[in-house]
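Take a look at the structure set out below.
No experiment lies behind these values; they were computed from the predicted model shown.
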Amino acid sequence: MAGLGLASVAAWDPCRRWGSTAFGFHRGLSALLARKPERTPRGLPACRQKSSVSFLSRPDLPNLAYKRLKGKSPGIIFIPGYVSSMNGTKALAIEEFCSSLGHAYIRFDYSGVGNSDGNLQECTVGRWRKDVLSIIDDLAVGPQILVGSSLGGWLMFHAAIARPQKVVALIGVATAVDGVVTQFNQLPVEVKKEIEMKGVWNMPSKYSEEGVYHVPYSFIKEAEHHCLLHSPIPVNCPIRLLHGMKDDIVPWHTSMQVADRVVSRDVDVILRKDSDHRMKEKADIQLLVCTIDDLIDKLSTIVN
């Protein structure tokens with residue numbers, strides 16, 4: 001796999017600036033993940049800035065709810081997973097991290113989700129792609145690092161392709177490129193025909209309160225137009241793909257496929273042996289914010 005770096009968690013050392021202060025981290029990621037976080041040192045406020053809910057008005061498109069911190073470049077944008085809101089564990093942890101360093105940050109709800117306007121049953125991958133581009137075009141100032149979770153990892157690649165001058169790095173968490181299409185295509189033929197006839201796929205999921213996601217058949221068919229793994233992915237920026245090896249929704253092999261397909265040569269796949277799809281345990285969050293910190297440091301000579 002040309003251009004693929006498989007980072008060893010035991011040897012990797014991304015935390016340099018933020019990690020040594022806000023959580024009492026020691027250098028060396030193996031030490032970070034083994035230690036319990038200490039209290040914030042005296043003199044360092046736990047949260048330097050609070051964001052408030054705002055709405056992005058768009059002609060002929062649903063208004064999007066978002067929260068934004070103003071600050072230094074590069075800014076960070078969190079792109080949620082399927083029907084996930086901007087108030088998840090990862091989104092809030094990144095906000096606290098960005099606040100501690102004074103970096104700009106945006107989190108938002110897709111149309112039809114959370115506080116945003118719109119009808120979820122009418123939403124598609126293409127419409128949510130437009131949501132991401134609206135956030136980048138109308139709210140984000142300067143270069144941006146996109147952090148995409150699950151389906152958000154799929155959308156972040158589309159955003160990087162569409163806005164190469166503004167998207168300077170990508171971090172995927174359980175990246176689900178082509179995810180819903182791949183899962184549907186793996187079903188038995190008779191099951192697929194039944195879903196087509198009924199018009200909905202009741203996809204089992206332990207992450208849904210009902211135990212299933214009601215995915216419209218039209219959503220799946222529309223998503224086919226946005227698949228990326230069938231050809232080289234034209235993204236050249238630094239890319240970090242974090243994935244749990246116990247992910248029972250999106251196999252970690254998907255991140256390896258993405259790394260192989262993307263044209264960028266600055267790509268690391270970082271696997272967590274005991275992490276699941278959501279990657280929201282303490283060690284997962286520490287890894288995520290340290291990865292962001294590492295990319296900010298890497299990009300600082302470019303954007304400043």
Is any side-chain heavy atom of [Y] closer than 4.5 Å to one of [X]?
X	Y	result
Ile233	Val263	no
Leu139	Phe108	no
Tyr110	Tyr82	no
Val235	Ile161	yes
Arg68	Tyr66	yes
Leu288	Leu242	yes
Thr124	Trp128	no
Val173	Phe78	no

Is the backbone N or O of [Y] less than 3.5 Å from a side-chain atom of [X], with the two atoms forming a donor-acceptor pair by type?
X	Y	answer
Ser208	Ser205	no
His103	Pro74	yes
Ser264	Cys237	yes
His243	Val269	no
Lys166	Gly142	no

Check [X] against [Y] and note the closest heavy-atom contact, atom names and distance.
X	Y	value
Arg58	Lys130	NH1-O, 3.8 Å
Asp109	Leu64	O-CD2, 3.6 Å
His226	Trp154	O-NE1, 3.0 Å
Glu222	Val125	OE1-N, 3.2 Å
Leu229	Asp178	N-OD2, 3.0 Å
Ala159	Val167	O-CG2, 4.0 Å

Working to the nearest 0.5 Å, report the span between [atom1] of [X] and [atom2] of [Y].
X	Y	atom1	atom2	result
Leu295	Ser300	CG	OG	11.0 Å
Leu241	Leu271	CG	CG	9.5 Å
Ser255	Asp268	OG	CG	12.0 Å
Leu92	Ile94	CG	CD1	9.5 Å
Ile195	Leu187	CD1	CG	5.0 Å
Glu281	Met279	CD	CE	10.0 Å

Hey, are [X] and [Y] close enough for a salt bridge, meaning a charged N less than 4.0 Å from a carboxylate O?
X	Y	value
Glu196	Lys192	no
Arg107	Glu95	yes
Lys206	Asp248	yes

Donor + acceptor pair across side chains of [X], [Y] (<3.5 Å):
X	Y	answer
Thr291	Arg240	no
His277	Ser150	yes
Asp131	Ser111	yes

With respect to Asp284, which candidate in Arg278, Arg272, Lys246 satisfies the salt bridge (Lys or Arg N to Asp or Glu O under 4.0 Å) definition?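 Exactly one candidate clears the test, Arg272.
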Hydrophobic clusters here meaning ILVMFWY residues chained together by side-chain heavy-atom distances under 4.5 Å, can you tell me if [X] and [Y] are in one?
X	Y	result
Val250	Met256	yes
Ile220	Leu120	yes
Leu61	Phe219	no
Val191	Val212	no

Quick check: are there more than 12 heavy atoms from other residues, nucleotides or ligands sitting under 6.0 Å from CD of Gln183? yes
